[in-house]
J.: 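Quick one: structure below, then a few questions.
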Amino acid sequence: SQRISELFASITEDNKNQFLKLWGKHKDKDEFWAYDTTSISSYSEQLRQIEYGHNKESDPLPQLNLAIVFGESSNLPFYYRKLSGNIPDSKTLSNLLADISRLGFNKVKFVMDRCFFSKVNISGLYEKHLKFLISAKISLSLIQKELETIYDNFCSYEHYIPEYELYTHTIRTTWNYKVDRPYKKDSIKRAKRVYIHYYYNIEKSAYEEKAFDKKLIKMREELLEDRAVKGHQSFYDRYFIVKNIMAYWLGICKFFIHITKNRYKHIIWQSPQIRRIFSINFHLFNFTKFNLYLISQTQRQTQSIKTWT
């Protein structure tokens, strides 16, 4: 109703901060605070913070982002902030760190998803002397570097946890970062210890590898049968190399072969744009065996698709 709108409009930013300061005293001493964001789609053309951005529900609408902190054991919300809809998740943490200092929250332990992982964010958490647990992508250079040292013995029985059916390893390493000091017009380097916890589910890995192989075969068949799907192009580009092999051989042997409608052998030529079938008669030039590598280079193998003599 209009009265409720008027009531909400009367609440100032100072009122909100004062409430959050008092509310924060209700947190459990040793609980983790879970931080995440969500998006709220809107048709409004009047709200200032409504912008187009990465919509988690895939709604084709502008949105408002909402950042929120919940207590792990108390199940209470201790912080929220409205953000413009075009701000990515990784950029929202700077607002949280600034607000944490202003609200006087200390000895806080955060849990965050990997979308918040960045060098700037991790360094900022260290500078605020906050404890944290954050998920990280396996593709990160730091994660890959430390994983190489334990990879060969990862699935040994002493690292298996029956309760969770996982293999685990913990590595202690160093987080190096730089802090700018505007008041001195310089910067200093700092190093903090950091623990990387690795978890491996062998059953899930086997399932995902099998599913990936099935998908790889399906995508290869699409290329071989000239049924390429536009939406699969990024997958083709990542896992397949389509080589125009026949163009090379036709260029070299153009004086020795000619196109004919009889006495022919089929050669399949696959290029990124089109698949062509050449019916050619080898003339004057005697090939004993010819291998056409049609592309199927994955991280594991390159397959010979067509071979004939």
Side-chain angles (χ1 to χ4, degrees), residues 1-136 179-180 182-183:
S1 69
Q2 184 176 352
R3 295 295 301 276
I4 292 178
S5 298
E6 292 173 354
L7 175 63
F8 287 156
S10 68
I11 301 174
T12 66
E13 195 66 26
D14 289 338
N15 295 147
K16 296 176 187 177
N17 291 335
Q18 183 63 25
F19 171 79
L20 292 174
K21 284 181 181 180
L22 297 174
W23 189 244
K25 296 178 181 181
H26 292 279
K27 77 179 183 70
D28 292 343
K29 181 179 179 181
D30 297 321
E31 74 174 346
F32 284 93
W33 277 10
Y35 174 70
D36 205 353
T37 64
T38 188
S39 58
I40 303 172
S41 301
S42 175
Y43 288 97
S44 174
E45 297 180 355
Q46 306 298 323
L47 298 176
R48 291 180 301 170
Q49 293 177 307
I50 299 296
E51 298 283 353
Y52 282 99
H54 175 66
N55 192 290
K56 298 179 180 181
E57 303 299 328
S58 299
D59 292 335
L61 294 170
Q63 65 190 31
L64 171 75
N65 287 340
L66 179 66
I68 192 165
V69 170
F70 265 89
E72 168 231 353
S73 56
S74 63
N75 292 319
L76 295 174
F78 289 103
Y79 168 88
Y80 77 94
R81 184 184 180 96
K82 295 183 298 179
L83 298 165
S84 178
N86 59 0
I87 298 178
D89 287 343
S90 60
K91 299 291 185 181
T92 65
L93 195 63
S94 58
N95 294 314
L96 172 66
L97 296 179
D99 291 342
I100 287 295
S101 298
R102 187 174 67 254
L103 295 172
F105 295 152
N106 51 35
K107 296 183 179 180
V108 176
K109 295 175 285 187
F110 282 108
V111 176
M112 289 169 281
D113 199 0
R114 65 183 185 179
C115 60
F116 299 104
F117 190 103
S118 73
K119 188 171 184 179
V120 171
N121 288 344
I122 302 300
S123 302
L125 288 164
Y126 274 119
E127 279 302 290
K128 296 293 183 181
H129 306 289
L130 297 171
K131 295 183 178 180
F132 60 89
L133 179 65
I134 185 169
S135 181
V179 179
D180 294 325
Y183 58 95

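What you see is a predicted model; the values in this text were computed from it and never measured.
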J.: Y79 and L20: which non-hydrogen atoms are nearest, and at how many Å?
T.: CA-CD2, 4.1 Å

J.: Say whether, by atom type as modelled, one donor and one acceptor occur between the side chain of D113 and the main chain of S135 under 3.5 angstrom.
T.: no

J.: Passes side-chain hydrogen bond (donor to acceptor under 3.5 Å, both in side chains), T37 versus D89? Steps please.
T.: CA-CA 7 Å; T37 64; D89 287 343; 2.6 Å; yes

J.: Please check if the number of heavy atoms outside K131 that lie under 6.0 Å from its NZ is greater than 12.
T.: no

J.: Out of T92, I134, I68, which one pairs with Y35 under the side-chain contact (heavy atoms from CB on, under 4.5 Å) rule?
T.: T92

J.: How about Y126 and F132: are their ring centres within less than 6.0 Å of each other?
T.: yes

J.: Please report the shortest heavy-atom distance between C115 and S90, naming the atom on each side.
T.: O-CB, 3.5 Å

J.: Hey, are N86 and S84 close enough side-chain-wise for a donor-acceptor pair under 3.5 Å?
T.: yes

J.: For F78 and W33, what are the C-alpha separation, side-chain angles and deciding distance, and is it a ring pair (Phe, Tyr, Trp, His ring centres under 6.0 Å)?
T.: CA-CA 9 Å; F78 289 103; W33 277 10; 4.9 Å; yes

J.: Between the main-chain N or O of S73 and the side-chain N or O of E31, is there a donor-acceptor pair closer than 3.5 Å?
T.: yes

J.: According to salt bridge (Lys or Arg N to Asp or Glu O under 4.0 Å), who are the partners of E72, at least two apart in sequence or on a separate chain?
T.: none

J.: Can a donor-acceptor pair be found, under 3.5 Å and without considering hydrogens, that links the side chain of W23 to the backbone of P77?
T.: yes

J.: Using only heavy-atom distances, determine whether the side chains of T12 and N15 contain a donor-acceptor pair under 3.5 Å.
T.: yes

J.: So do M112 and L125 actually touch side chain to side chain, heavy atoms under 4.5 Å?
T.: yes

J.: With a 4.5 Å cut-off on side-chain heavy atoms, are N95 and L83 touching?
T.: yes

J.: What's the shortest heavy-atom distance between K21 and L103, and which atoms?
T.: CG-O, 3.4 Å

J.: For a quick test of reading the model, state the closest non-hydrogen atom pair linking V69 to F110 and the distance between them.
T.: CG2-CE2, 4.2 Å

J.: With side-chain contact (heavy atoms from CB on, under 4.5 Å) as the test, would you mind laying out the steps for D99 and R81 before giving the verdict?
T.: CA-CA 9 Å; D99 291 342; R81 184 184 180 96; 2.8 Å; yes

J.: Side chains of K128 and S101, heavy atoms from C-beta outward: is any pair under 4.5 Å?
T.: yes

